[in-house]
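See structure below.
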Amino acid sequence: MPKDFANMNFGQRIALNTLSQKYEKDKKEADFVIGCIAIMVAPYLYIDEDWTKRTDELQEEIELLPVLDTLPIFNFFLS
């Protein structure tokens with residue numbers, strides 16, 4: 001995975017830009033962070049497929065992880 005945004009592929013940059021525009025409208029921090037994680041991980045999980053079509057599915061899987069109960073988001077914790 002890229003260690004910074006400069007090393008992301010072009011598709012990831014577009015997906016993050018789209019996600020940030022959506023965040024500007026609905027202001028759901030948890031969904032934004034989970035979406036960012038999915039965009040960062042998806043190209044490496046779905047190497048042989050079109051990963052852009054699988055990010056929603058990946059977001060749902062991430063939401064089911066028990067670690068999200070203590071995920072710090074903008075200095076707050078989800079509960």
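Remember, it's a predicted structure, so these values are computed and weren't measured experimentally.
- Following chains of ILVMFWY side-chain contacts shorter than 4.5 Å, one can reach Leu45 starting from Ile62, so the two form part of one hydrophobic cluster.
- The side-chain heavy atoms of Ile39 and Met8, taken from C-beta on, include no pair separated by under 4.5 Å.
- For the pair Lys28 and Lys22, the minimum side-chain heavy-atom distance is 4.5 Å or more.
- Across all their heavy atoms, Asp50 and Thr52 have their closest contact at OD1-OG1, 2.6 Å.
- Remark: Lys25 engages no residue in a salt bridge (Lys or Arg N to Asp or Glu O under 4.0 Å) (not counting sequence neighbours).
- With hydrogens and angles disregarded, a donor-acceptor distance shorter than 3.5 Å links the side chain of Gln12 to the backbone of Asn9.
- Contact record, Ala15 with Trp51: CB-CH2, 4.3 Å, taken as the closest heavy-atom pair.
- The closest side-chain heavy-atom distance from Gln59 to Asp31 is not below 4.5 Å.
- How far CG of Leu19 is from CD1 of Ile34: 10.5 Å, rounded to the nearest 0.5 Å.
- Under the side chain to side chain donor-acceptor pair (under 3.5 Å) criterion, Glu61 pairs with no residue, sequence neighbours left out.
- The local environment of NZ in Lys27 is crowded, with over 12 non-hydrogen atoms from other residues, nucleotides or ligands closer than 6.0 Å.
- Taking 4.5 Å as the limit, some side-chain heavy atom of Asn17 sits within range of a side-chain heavy atom of Gln21.
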